[in-house]
S.K.: 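Quick one: the structure is below, and I'll ask about it shortly.
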Amino acid sequence: MPELVERFIRNHKLDDREEYRKLLEQLEEPETAEYLRTEAVRLREQYYGKKIYIRGLIEFTNYCRNSCYYCGINRENQKAVRYRLSAEEILACCENGWRLGFRTFVLQGGEDPWITDKRLVQLVHSVKEAYPECALTLSVGERSIDSFYRLRKAGADRYLLRHETADEVHYGRLHPACMSLPVRKQCLRNLKSLGFQTGAGFMVGSPGQTYWELAEDLVFLKELQPEMVGIGPFIPHHDTRFCEEPAGSMELTLKLLSVVRILLPTVLLPATTALGTLSADGRERGLMAGANVVMPNISPKNSRKQYSLYDNKLCENEEAGEGFEALKRCVETIGYYLSMERGDALV
Ligand code: 5AD
């Protein structure tokens, strides 16, 4: 194996961005990629055995004040049918999830101005009061450090905020000028400093991205040391400016999952919905590349269609007992099992 690959596996890091770029280049050799994948699976099993953690994802609002160019629920998209779940509807999702065995709920939404600190704190209190044993994850975009502090104090345990890309120029290709990468990175540092188990992450194959941009994502992740990393392929949405762009590659996404498992061996790494959307066996392949988390959608069925970040987004009926059983079986056919634990980050 190339020296660089051996060194990455030994040290869980490389010296600089250029070395990460070369690593990705060297992974074009199928044998090298397979070697790396084997190491990723070994590490994943060393720390987590055969367990797969499950998170119940509740997409509770698709209103958004941002206009990320890739995203189907960006504010410019007049065709998006907007919705917002009431606290009662959200709690009903949790109840349904609880009965199925979920012990983590992820409340995800656009940057909805209606979701003030007061309302969100109230919601966090209600969920934590009803399900004190459960972990509560928020994923509602950039907020002030004061806001993060209030949410943390209210009982939120984790926070997901993908950085999307750590390269300044590439960030500018994907976002309007009013959005800033330094602000996003600062949000992530603030979340960590407040004691949130923090999730960063990026899309693979977003328009204009090369190994050079991806290399910076790896540099950034190694420095930030997030507890969770969400990685999925870019998938075009028909009502965005990127509608004609090709989707990111499954193979490259899988390689990056393996790379991130080695970079941050104990990281909680989901096989994402976008991966499952690219191909029917996408999620399984993600788990076999080093991922150890799945996040089935437990939102009400009709709102799932409206939470349309990209085309053909997977929204199978996992909240109904039968979808859940299918997931269980699928995980078992690849030699893993669904854990009913909260699955906190290892310290
Ligand atoms: N393709 C893939 N992922 C997308 N996301 C948003 N739009 C797309 C798209 N077109 C991802 C972003 C965001 C997460 C909630 O969904 O990375 O952080």
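Both ligands and their constituent atoms are indexed starting at 1 by order of listing.
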S.K.: Taking the side chain as every heavy atom from C-beta outward, state whether E39 and R261 have any atom pair closer than 4.5 Å.
M.R.: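 Side chain of E39 against side chain of R261, heavy atoms only: no contact under 4.5 Å found.
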S.K.: Taking the six-membered ring of Y69 as reference, does the cationic atom of R173 (NZ for Lys, CZ for Arg) lie under 6.0 Å from its centre and within 45° of its axis?
M.R.: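 Relative to the ring axis of Y69, which defines the angle, R173 lies outside at least one limit.
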S.K.: Side-chain heavy atoms under 4.5 angstrom apart, residues restricted to Ile, Leu, Val, Met, Phe, Trp, Tyr: same cluster for M250 and V229?
M.R.: yes
S.K.: Please report which non-hydrogen protein atom sits nearest to atom 8 (C) of ligand 1, along with the residue it belongs to and the distance in Å to one decimal place.
M.R.: Y310 CD2, 3.7 Å
S.K.: Are R241 and Y70 packed together at the side-chain level, in the sense that at least one heavy-atom pair is separated by less than 4.5 angstrom?
M.R.: no
S.K.: Looking only at N/O atoms, are M203 and ligand 1 under 3.5 Å apart anywhere?
M.R.: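 No: no nitrogen or oxygen of M203 is under 3.5 Å from one in ligand 1.
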S.K.: May I ask you to list the atoms of ligand 1 that are less than 4.0 angstrom from any heavy atom of E164?
M.R.: 12 (C), 13 (C), 17 (O), 18 (O)
S.K.: Considering only protein heavy atoms, which is closest to atom 16 (O) of ligand 1, and at what distance to one decimal place?
M.R.: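 Of the protein heavy atoms, L309 CD1, 3.4 Å lies nearest.
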S.K.: In this structure, is the centre-to-centre distance between the rings of F102 and F324 below 6.0 Å?
M.R.: yes
S.K.: Under 6.0 Å between ring centres, would you say that holds for Y131 and W98?
M.R.: yes
S.K.: Quick one: does NZ or CZ of R143 land under 6.0 Å from the six-membered ring centre of Y159, within 45 degrees of the ring axis?
M.R.: no
S.K.: Which residue and non-hydrogen atom of the protein lie closest to atom 7 (N) of ligand 1, and at what distance in Å?
M.R.: Y70 CD1, 3.3 Å
S.K.: Tell me whether ligand 1 is touched by P233 - counting only heavy atoms on the residue side and a distance under 4.0 Å.
M.R.: yes
S.K.: Can you tell me the protein heavy atom closest to atom 11 (C) of ligand 1 and the distance?
M.R.: R162 NH1, 3.7 Å
S.K.: Looking only at heavy atoms, is any part of C68 under 4.0 Å from ligand 1, and if so is it the side chain, the backbone, or both, or is it neither?
M.R.: neither
S.K.: Which atoms of ligand 1 have any heavy atom of C71 under 4.0 Å away?
M.R.: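 Close to C71: 7 (N).
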S.K.: Among protein heavy atoms, which lies nearest atom 1 (N) of ligand 1, and at what distance?
M.R.: I235 N, 2.9 Å
